[in-house]
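Just so we're on the same page: letters track the sequence lines, and every chain starts at 1.
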2 protein chains.
Amino acid sequence: MTTQSLTRNQGLVFDVLSHAGSPLSAYSILDKLRDDGFRAPLQVYRALDKLLEFGLVHRLESINAFVACAHPDEGCHAHGLTAFTICETCGQVTEFHDHMIEDRLKGFAKDRNFKTGKTTIEIRGTCAGCA
Amino acid sequence: MTTQSLTRNQGLVFDVLSHAGSPLSAYSILDKLRDDGFRAPLQVYRALDKLLEFGLVHRLESINAFVACAHPDEGCHAHGLTAFTICETCGQVTEFHDHMIEDRLKGFAKDRNFKTGKTTIEIRGTCAGCA
DNA sequence: CAATTGATGTAATAACATTACATTCACATT
DNA sequence: AATGTGAATGTAATGTTATTACATCAATTG
């Protein structure tokens with residue numbers, strides 16, 4: 001997935017997320033794109049849906065917000081399970097990948113014949129800089 | 001924490017969750033408690049806050065819903081990190097605890113001086129019965 | 001060109017959660 | 001019994017997040 005093949009709206013949303021230092025809600029993305037002609041939440045949600053599908057953006061379930069992927073060139077889907085630390089003070093998000101955890105969760109699911117879809121791992125807390 | 005020491009509202013909410021076979025949203029809990037005098041969302045949210053604090057109930061971040069803890073007698077806080085599988089077809093939720101994953105996440109956080117607060121692990125997919 | 005498919009624009013509404021403020025209850029102290 | 005305190009409650013209003021419904025537009029293809 002390259003950033004070239006995005007539509008105008010997808011590109012605008014991705015750009016906003018890429019330049020934000022922290023996660024943004026759909027509505028704050030909307031606010032930032034008013035000048036670019038955005039008027040309704042759906043314009044943002046539709047673009048986000050596609051960006052999520054492409055692996056360019058992640059949704060943080062525990063805070064209802066979105067961040068650009070840390071390595072969008074490959075599309076994050078290449079990296080398997082993605083986990084996050086989220087600083088509740090400054091909003092800093094760190095994305096990481098741990099094969100051991102991934103295997104462990106896969107194993108648990110397999111043992112129970114549970115067919116795994118999307119998996120969420122989010123650690124909320126305080127980052128080193130804010131401690 | 002015993003179920004005895006709950007207030008009326010807390011007890012009613014816990015009871016509804018305990019007897020539901022799947023996670024419930026705050027508003028669906030509210031609906032089920034209309035006959036018991038519940039009128040406003042806040043009555044539910046306040047009770048849920050306490051039940052979460054006591055470890056009697058879990059919040060599923062990825063679906064904005066709540067479930068009773070699988071072993072409420074001890075209050076789930078006794079068991080360390082809690083993870084869930086959530087069947088998107090039937091709503092069945094399975095709670096589990098994995099020390100290896102817990103240690104791994106703790107280690108990651110420690111390496112980065114990230115002070116861990118609440119951690120969310122949720123696997124959404126399809127359970128054995130629904131496959 | 002017609003047909004199809006994906007993207008967009010807009011309005012309305014649904015679903016989830018919190019703020020603000022007044023009141024009541026349980027209980028300890030006097 | 002009166003008072004003070006903190007926790008819990010009742011109620012209304014509002015804020016935040018997400019979806020449904022429907023019309024239109026643009027690119028592609030048969």
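Straight-line distance from the CG atom of B:L52 to the P atom of C:dA17: 11 Å, rounded to whole Å. Taking atom CG of residue A:D49 and atom C1' of nucleotide C:dG6, one finds them 14 Å apart after rounding to whole Å. Distance CZ (A:R39) to C1' (D:dT24): 17 Å, rounded to an integer number of Å. Rounded to whole angstrom, the span from the CD atom of B:Q43 across to the P atom of C:dT24 amounts to 15 Å. Rounded to a whole Å, the CD1 atom of B:I29 is 16 Å from the P atom of C:dA15. Taking atom CZ of A:F38 as the reference point, atom P of C:dA7 lies 14 Å away to the nearest angstrom. Residue A:L42 contributes atom CG, which lies 13 Å from atom P of C:dA7 at whole-angstrom precision. The interatomic distance linking B:E61 (CD) with D:dT17 (C1') rounds to 14 Å, in whole Å.
A:F66 has its ring centre no less than 6.0 Å from the ring centre of A:H58. Taking the centre of each ring, B:F96 and A:F108 come in below the 6.0 Å mark.
An end-to-end axis angle of 20° holds for the helix from C:dC1-D:dG30 to C:dT30-D:dA1, taken from five base pairs per end and rounded to 10°.
Closest heavy-atom contact between A:G91 and A:S22: O-CB, 3.5 Å. Contact between B:A70 and B:E95 at its shortest, heavy atoms only, is N-OE1, 2.8 Å. In terms of heavy atoms, B:R59 sits closest to B:K118 at O-NZ, 3.9 Å.
Ranking D:dT19, D:dT9, C:dA17 by closeness to the A:P41 side chain, first place goes to D:dT19. Here the nucleotide nearest the side chain of B:N9, chosen from C:dG9, D:dT9, D:dT11, is D:dT9. Ranking C:dA17, C:dT19, D:dT17 by closeness to the B:N64 side chain, first place goes to C:dA17. Comparing atom distances between the B:Y45 side chain and each of D:dA18, C:dT10, C:dA17 picks out C:dA17 as nearest. Here D:dT11 is the nucleotide among D:dT11, C:dC16, C:dT8 with the atom lying nearest to any side-chain atom of B:A40. The side chain of B:A26 sits closest to C:dA17 out of C:dA17, C:dT8, D:dG10.
For the atom pair B:L60 CG and B:L24 CG, the distance stands at 10.5 Å (nearest 0.5 Å). Going from atom CZ of A:R124 over to atom NZ of B:K115 covers 14.5 Å, rounded to the nearest 0.5 Å.
Between the side chain of B:R46 and the base of D:dG10 there is at least one donor-acceptor pair of N/O atoms closer than 3.5 Å.
The side chain of B:R8 contributes no N or O atom lying less than 4.0 Å from OP1 or OP2 of C:dA26. Within the 4.0 Å cut-off from OP1 or OP2 of C:dA7, not a single side-chain nitrogen or oxygen of A:T7 is found.
Aromatic stacking is marked for B:Y27 over C:dC16, as both cut-offs hold: 5.5 Å for the centres and 30° for the planes.
Judged as a side-chain contact (heavy atoms from CB on, under 4.5 Å), and not counting sequence neighbours, the contacts of A:R104 are B:D98, B:M100, B:I101.
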